[in-house]
Every structure is written in structure tokens, then in C-alpha cells.
Amino acid sequence: MLVYFVRKRKDVPFYWIFLMFGAFIIACGTTHVMDVWTLWYPTYWLSGFVKAITAFISVTTAIQLLPLIPQALALPSHAQLEAANAQLATEIAERKRTEEILRESEERWQLALRGNNDGIWDWNIKTNQVFFSSRWKEILGYADDEIKNHLQEIWTRIHPDDLDSVVKAVQDHFAKITSFYAKEFRVLCKDGTYKWILDRGQALWDETGNVVRMVGSHTDITERKQAEETLSQILMQLESKVEERTAELKKINESLEAEISKRKQIEKALRDSEERFRTAFHQAAVGIAHVGLDGRWLLVNQRLCDIVGYTAEELELRTFQEITHPDDLSESLKYVDQILLGKIQTYTIEKRYFRKDASVVWINLTVSLTHHNSGEPKYFIAVIEDISDRKQSQAQIQASLLEKEVLLKEIYHRVKNNLQVISSLLNLQSEYIQDKQDMAIFQQSQQRIASMALIHEKMYQSPDLARIDFGEYIQDLVASLFSSYEVNEGAISLKFHADDRVLLGLDLAIPCGLIIHELVSNSLKYGFPNGGEGEICIVITENVDQQFTITVSDNGVGLPPNFNFKNTASLGWQLVDALTQQISGKINIKSHDGLEFQITFPLI
């Protein structure tokens, strides 16, 4: 039974002593059996041998027990084992509480990162290992498992033209030349495009002055860069067109340059302000808060206190409804209901808060919802950015652009009036001309001036001050020519076709209008002699390879044989040739069953 017990309880200490006691008990029992056996059968030699074995086992067991006694006494008692178990249970419970606190802290950190629209990175200088947040990878179009935690992942994606300046900015910060690292550069995305990134960070130095760590964030500023580039191009176009039209706009041009300079100063001030931001919760440059389901502020950072003018203690005694502008409250509550119902995951709105001093501040609010393990809503994560300066700047820029549009319309109106005055003066002067050829030249000049005046009138009427609907302009121009040449109704018909909404600026509209003016005039004057009937066709198309084609044709008598318009003395043909070269176009003439004149030129 002792052997059976030891085989089943392999955790029993000193199991071998149980085996020896078992052998001793069996040997003793055998000795007593042999004593009874020898009463009938005198096998004393066998009995003596069994007794010798028993004595050997007994002595061996006694010898082995001598060093075993101190070890057995050292074994813990039942009470000691219970105390040790209680202490172990306490340590396990404490460890579980610590793990729960760490888990909640990690969850709060991750939610703060998701609530912030920036990508976070953490660089271990000694190992070159870098932690990239999910948002950091999402900005570049990658999933979490597609980018390794190594510094080379970012260096290989920086645009080659920006790499040296980024390295220089990091080195300056490590050398403490700059107290804070901030740099704008382009980064290659997964789809092969480049995005503009505002990279900001702060290094950590050890006691010996060596950099050991650096933490920072990536902000996607591609839309802002594109808007700046678009705005710069628009301003350059406006300046160029104003300078080309008249020297009278010099003062306006100076005012526009001053406005551009002021706008750049505002943008620089905004960038300088953004460079001071921190993206981690304890260093965030935007307000970050935990908000209860009832709207009460549970946890706020210092930046939010600065925005609304309250201390953290004062703010935590209020709800977001109390400081929200009444006109914005209904929209905020609508989004809160949608996010609680699970219809949306997050939302971003612009709204107004009342500061402690009763003034109003514009903020950009981004909100997401965190949940308990059971799935029940826990509290909101809110990211608040003060955008009052941006709102004011946008209003100023909008007012300035509106003022410039009014001035540019006035310019087009005055130029049109001046051209009409010139045309009227020519008309008065023509009354003193007796020669028919001179009169024809005067009338052609009047018609050309009228075509240019018509363009400025169309620019004045156009909602886009830089371009006009060229097809509508040509129809009005040709109608004016038919009226000037007194074409009988039904004698010469006009066919006109143009692609929908062909928009041209003045640099192309004026020469193209004059070309069509000359070609249609020639057809009306020479294509149908003796009042013949016919048709004039005008086709305007835009090709897929950014080429623009104007075709003017008629079914009249056509050109004489061996006609070369480059060698003719006609002012009209010379004007057509010069204007075509001005717009970098090519001329193709066909004279078969009438005349077809085709001009192809690139869209500038």
C-alpha cells in the first residue's frame, strides 16, 4: 500500500523512505511467517536468511533516517503553508489590479491617439526602433502590419528634394540649436503619390548630453498646401491680366501685393503657432477632454482651459451644453444622438463656445466614443481646436477678393466703353472719306474694334472674370458681321457647332475672335459674288490632347489657283497669319467646292 501511495503521489517529498518502510514491513512479516513455518518444517537456514535481510533493511533505513530528520523538520507546517498561500493570493490580486490600471491607461492613450487627427511616432535613438501609431500609417495609406517599427521606414519615403533639409532640422534639434523640431516635407504614400506632412517632435537627452529618445507627430497638410498653391496661381494670373490691360491699375496692383504680403504674414503666424503644439495628451496643443454621457467634463487638459478661460476645477463642475452657443447647441446634440445610436463612429464640426469672460470663441470639435468591455457607452473623447483667428482671416480674405472682383469688372467695363468711343470716333471720321477703298478700311477697323469690345463686354458679364464662353461670343460676333454686311435673310445661312462650355481667357479669345472675324468677313465679301446663295459653317472643338481647333468653311467660289496667303498684300490675310503665330497655331487651307480654313493651336 505504501508503494501504491508513492506511485500515485509523485509530489510527496522523500518518497524513497516510504519504499524502504514498505520493504521493512514485508521483511518483518516474512520473518514471523518463517518462525511459524519452522515449527513443522525445520528450515532454519531459510529463516535465518530472511532475518538477515530484515536486519539489513532495518539498519539501512535507520542510517538513512539520520540525515533525513533535519530536512523533515525544515518542511513548512500547515499554518505556514496557509499564510504563504494567503500572501500569494494577495500578490496575485494586487497584480491583477495593476494590470487593469495599466490596461485602462493604455486604452485611454490609444483613444486619445485616435481622437487626435495626427499620426504619432516614438523613436528610440539607441536601437533605431520607431513606434508608428495606426493614424500615422493610415495617413500614408498603409495598414498596421504593412510598416515595420524601424527608422528606415520613414527615411526611404521622404521626397529626395526634401531629405537634406529634414536631416539638417533633426541635427539642429539634437545639437540644441533649435528647442523644438518642426519641418514640412513630402512623404511617399502607398498609392505612389506624395503628401505634404508637418512633422513636429521633441528630443530627450540623458545626463551626459546624448539624445536617447524623440517623440513627435505627423500632420497631413496636403490640402492646405494645395490651397496655398492654387491661391498663389490665381493671384499671379490676376496680377498679369491687370498689368496687361492698363497702367491705370498700378495702384490696385500695389494694394493686391500688400494684401498678399499680409496674407503670407497671417499664414506664417498660423504655422508658427502650429509648431508649438504637442500631440501627446499631456503636451497637446489642442484641447483634449473626456466628457460624460450627460455632457459633464470629466477630464480636461491645460490647453482646453486656456481656450475657454476656465480652470480645470471650474470646468469639471460644468457641462458642454452650458458653454455652447445656443445657435450651435441643437446641431451638437444631433451628432451626440447619432454617435450614441451607433450611426456614426466620430464627427467633426465647427461651433462656438462661451469663454468665462462671456466672449465667444470659434472652435473645431472632433468627438469619438469609448465603450466598456460589455459594449455599453463609457464616455466621449473630445479634441478642441481654437479657430477664431482662422475664421477672422477667412472673412478678411473673402472681403478682399470680393473687392478685387468688383474692381476687375469695372476695368472690363471701362475698356469696352473706351473701345466703343474709338469705334464711334472712326464712324464720325468716316463721314469725311470719299474714297470707297478708304471707307472699307475704316469699316473693317471699326468691326475689329467692335469684336474686341464685345470680348470685354462678355468678360464683364461672365461669372468667371478670367474666361468667357467662347461659343456664345462667336455667335454674337458673326451675327454682328451679318448685320454689318447686310446679308439678306435666307441668302447665306450660318451653321455653328461648338463643344459645350468652351472657356477661353483674353490671351486666346481676342486673337481667335479676330481670326474668325477676318475669315467670315472674307467669305461674306468674296465667297458669294453677285448675291449668290450659300452656307458658312463654323466648328469649334477641343481635342483630348489639349489641342483646340477652329474650322471656318463655306461652299462659295473658293480661292483662285496657286493662291498663297503668305505672299498676298491683303491686311486681313496678314493679320490672320500673325495672329495664328501669336497663339502658336498651325493653318490648314482646303479650296475644293468652296473654302475650308482650319487653325489648330494648343490650349495655353
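In this chain, residues are counted from 1 in sequence order. We use all heavy atoms of the structure for the numbers below, so side chains are in, but hydrogens, waters and symmetry mates are not.
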Check your understanding: Among Val291, Ile339, Val336, which one satisfies side-chain contact (heavy atoms from CB on, under 4.5 Å) with Leu369?
Key -> Ile339
Could you tell me whether [X] and [Y] make a salt bridge, using a distance below 4.0 angstrom between a side-chain N and a carboxylate O?
X      : Y      : result
Glu229 : Lys225 : no
Glu153 : Arg157 : yes
Lys334 : Glu331 : no
Arg135 : Glu138 : yes
Glu385 : Arg390 : no

Under 3.5 Å donor-acceptor, [X] side chain and [Y] backbone:
X      : Y      : answer
Ser261 : Glu257 : no
Thr31  : Ala27  : yes
Thr60  : Phe56  : yes
Ser232 : Glu228 : no

Under 3.5 Å, is there a donor-acceptor pair linking the side chains of [X] and [Y]?
X      : Y      : value
Trp136 : Asp118 : no
Asp328 : Tyr353 : no
Thr319 : Gln321 : yes
Ser332 : Thr324 : no

Quiz: residues 165-180 side-chain donor-acceptor pairs under 3.5 angstrom, not counting sequence neighbours:
from: Ser165; atom 1: OG; to: Asp162; atom 2: O; distance (Å): 2.8
from: Lys168; atom 1: NZ; to: Asp172; atom 2: OD1; distance (Å): 3.1
from: Lys168; atom 1: NZ; to: Asp172; atom 2: OD2; distance (Å): 2.8
from: His173; atom 1: ND1; to: Thr178; atom 2: O; distance (Å): 2.9
from: His173; atom 1: NE2; to: Ala203; atom 2: N; distance (Å): 3.0
from: Thr178; atom 1: OG1; to: His173; atom 2: N; distance (Å): 3.4

Check your understanding: Excluding sequence neighbours, so at least two apart, what forms side chain to side chain donor-acceptor pair (under 3.5 Å) with Glu316?
Key -> none
Revision key, fill the gap. By side-chain contact (heavy atoms from CB on, under 4.5 Å), Leu66 pairs with (sequence neighbours left out) none
Exercise for review: List for me each residue that meets ring-ring contact (aromatic ring centres under 6.0 Å, His included) alongside Phe49, sequence neighbours excluded, and say none if there are none.
Suggested key: none
**Study point:** Tyr41: ring-ring contact (aromatic ring centres under 6.0 Å, His included) partners, not counting sequence neighbours
**Key:** Trp37
Would you name the heavy atoms of [X] and [Y] that are closest together and state the gap between them?
X      : Y      : answer
Leu2   : Gly22  : CD1-N, 3.8 Å
Asp386 : Ile363 : CA-CG2, 4.3 Å
Ala312 : Cys305 : N-SG, 3.5 Å
Val187 : Ile197 : CG2-CG1, 3.7 Å

Review point. Within a radius of less than 6.0 Å around CZ of Arg318, do more than 12 heavy atoms belonging to other residues, nucleotides or ligands occur?
Key: yes
Review point. Can you check salt bridge (Lys or Arg N to Asp or Glu O under 4.0 Å) on Asp35 and Lys51, steps first, answer last?
Key: CA-CA 10 Å; Asp35 288 342; Lys51 290 181 178 180; 3.5 Å; yes
Check your understanding: Which pairs pass ring-ring contact (aromatic ring centres under 6.0 Å, His included) with one or both residues in residues 304-338, sequence neighbours excluded?
Key -> His325-Phe354, Tyr335-Tyr347
**Study point:** Evaluation steps, side-chain contact (heavy atoms from CB on, under 4.5 Å), between Asn210 and Lys126
**Key:** CA-CA 10 Å; Asn210 295 322; Lys126 294 183 178 180; over 6 Å; no
Review point. Hey, does Lys137 have a side-chain heavy atom less than 4.5 Å from the side chain of Asp144?
Key: yes
Check your understanding: Which distance, rounded to the nearest 0.5 Å, do you find between the NE2 of His372 and the OH of Tyr379?
Key -> 9.0 Å
